[in-house]
Amino acid sequence: MSPAAARIATSTISDMFRLGRARINANLFGEVASALEGDLESAARWRQRAVEAMSGGDVSTVSASGAPVPALAPLPDVATPSFTLTASTVPAHPRLALVVFGGLLLNSTGKFFNPLLGDVLFLDMVGTALVALLAGPWASVLVGALFVVAELCKGDIGAALFAVTMLPAALIWGAGVRRGAARSLWRFLALSAVVAVATSVLAVPITMLYFGGAVDRGLEGVYSAVAEGQNIDMWAAVFGVNVGFSLLDKVLTGAIAYAAWRALRARGSGGYASVVPGADLRPGDRFRRS
């Protein structure tokens, strides 16, 4: 027989798994399983399942072709491998929309409590960090972009400018998670420190050029005190103070987001974290054998 004639048609394979099929070729099932997994034990398990399906659970009544045969010798009891869904792609659209909306709400809540924290700690990027953990960098960027739009709709240009810092923060958090930064709390906190420096690089020019160093927050007095006490340029003073407080703010933000993410993962397969990037996955991974 020529190789072309020996090749099984694609329709034959797909038809094997059609719901409601009355007759099942157990041997062919086993061969397909062996070709897919390269494992004789797995092939034997699939063949056994096909025989059981044809016999209604009694393997002694039906053969691989459907005819009655003597009882088959029992196969070794080998546990069927299970798979935990930890997709590295974003979740389904309705669920993704809820995740993004939740991130936006968390950011807004953090900003609402800014005055209670003396406008020194902001905690207005908890949602950005959490969405980066849950759904990757681009969903997190979407949270930041929507926050910018919300500030513009309120007519607060200055707040919108500061909100732009959420965009690089989202990219750094999301890219870091894709590269394993969520495997431990300390890695994620270190990543959050990088975010703090990156956001300060953007925030300082906004503070100096748009606000003239006076942003009506709790740091103006610190800026002046540092500049006068250390006899340094105001730009350097603003940058030094901003980085210091930003490190504290972003590390605390990262800790809160990481705790929330772990809590979602602990909820099991029903939680958002069961269909979002896992800490042990890299881009392109789809499933993790457990």
Side-chain angles (χ1 to χ4, degrees), residues 90-154 156 158-178 181-182 185 187-196 198-200 202-203 217-218 245-267 270-279:
V90 297
H93 295 307
R95 182 163 290 187
L96 176 61
L98 289 175
V99 170
V100 170
F101 177 77
L104 187 61
L105 185 62
L106 281 174
N107 285 354
S108 300
T109 302
K111 184 176 180 181
F112 177 80
F113 284 105
N114 281 177
L116 299 180
L117 301 173
D119 280 327
V120 174
L121 295 179
F122 309 114
L123 300 181
D124 56 357
M125 292 195 192
V126 173
T128 304
L130 180 57
V131 173
L133 284 161
L134 287 173
W138 299 115
S140 185
V141 167
L142 179 58
V143 172
L146 290 175
F147 199 88
V148 173
V149 171
E151 296 293 356
L152 289 174
C153 290
K154 293 188 297 184
D156 194 339
L161 288 173
F162 278 122
V164 170
T165 62
M166 292 182 181
L167 305 182
L171 289 174
I172 294 171
W173 267 318
V177 169
R178 290 282 182 90
L185 173 61
R187 288 188 181 191
F188 194 71
L189 294 184
L191 180 65
S192 299
V194 175
V195 170
T199 54
S200 290
L202 284 179
R217 293 184 175 180
F245 281 96
S246 184
L247 281 170
L248 180 60
D249 176 64
K250 298 306 182 292
V251 168
L252 183 56
T253 293
I256 295 172
Y258 193 85
W261 177 66
R262 290 300 296 260
L264 285 173
R265 284 173 63 91
R267 291 176 64 87
Y272 288 116
S274 63
V275 291
V276 294

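Numbers for residues simply follow the sequence, beginning at 1. Excluded from the calculations below are hydrogen atoms, water molecules and symmetry mates; all remaining heavy atoms, backbone and side chain alike, are included. Quick caveat: nothing in here was measured; it's all calculated off a predicted structure.
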Correct closest heavy-atom pair for Ala181 and Arg187 would be O-CB, 3.2 Å

Nearest heavy atoms of Ser200 and Ser246, plus distance in Å
OG-CB, 3.4 Å

Contact list for residues 131-153, test salt bridge (charged side-chain N to carboxylate O under 4.0 Å, His left out), sequence neighbours left out
Lys111-Glu151, Glu151-Lys154

Are Tyr258 and Leu191 close enough that some pair of their side-chain heavy atoms sits under 4.5 Å apart?
no

Ser108 versus Phe147: any side-chain heavy-atom pair under 4.5 Å?
yes

Might you point out which heavy atoms bring Thr199 and Lys250 nearest each other, and give the distance in Å?
OG1-CE, 3.9 Å

Start with the C-alpha gap between Met125 and Asp249, add the side-chain angles, then the distance that decides, and say whether side-chain contact (heavy atoms from CB on, under 4.5 Å) holds.
CA-CA 9 Å; Met125 292 195 192; Asp249 176 64; over 6 Å; no

Please give me the minimum heavy-atom distance between Val194 and Ile172, naming the atom from each residue.
CG1-CG2, 4.2 Å

Can you tell me how far the CG atom of Asn107 sits from the OG1 atom of Thr128, to the nearest 0.5 Å?
4.0 Å

Closest approach of Leu96 to Ala135 (non-hydrogen atoms, all atoms of both residues)
CD1-CB, 3.9 Å

Of all the heavy-atom pairs spanning Ser192 and Gly254, show the shortest one and how long it is.
OG-CA, 3.5 Å

Rounded distance (nearest 0.5 Å) linking atom CG of Leu130 with atom CG of Leu264:
6.5 Å

Is the closest side-chain heavy-atom distance between Leu133 and Phe188 below 4.5 Å?
yes

So how far is it from Asp124 CG to Thr253 OG1, rounded to the nearest 0.5 Å?
7.0 Å

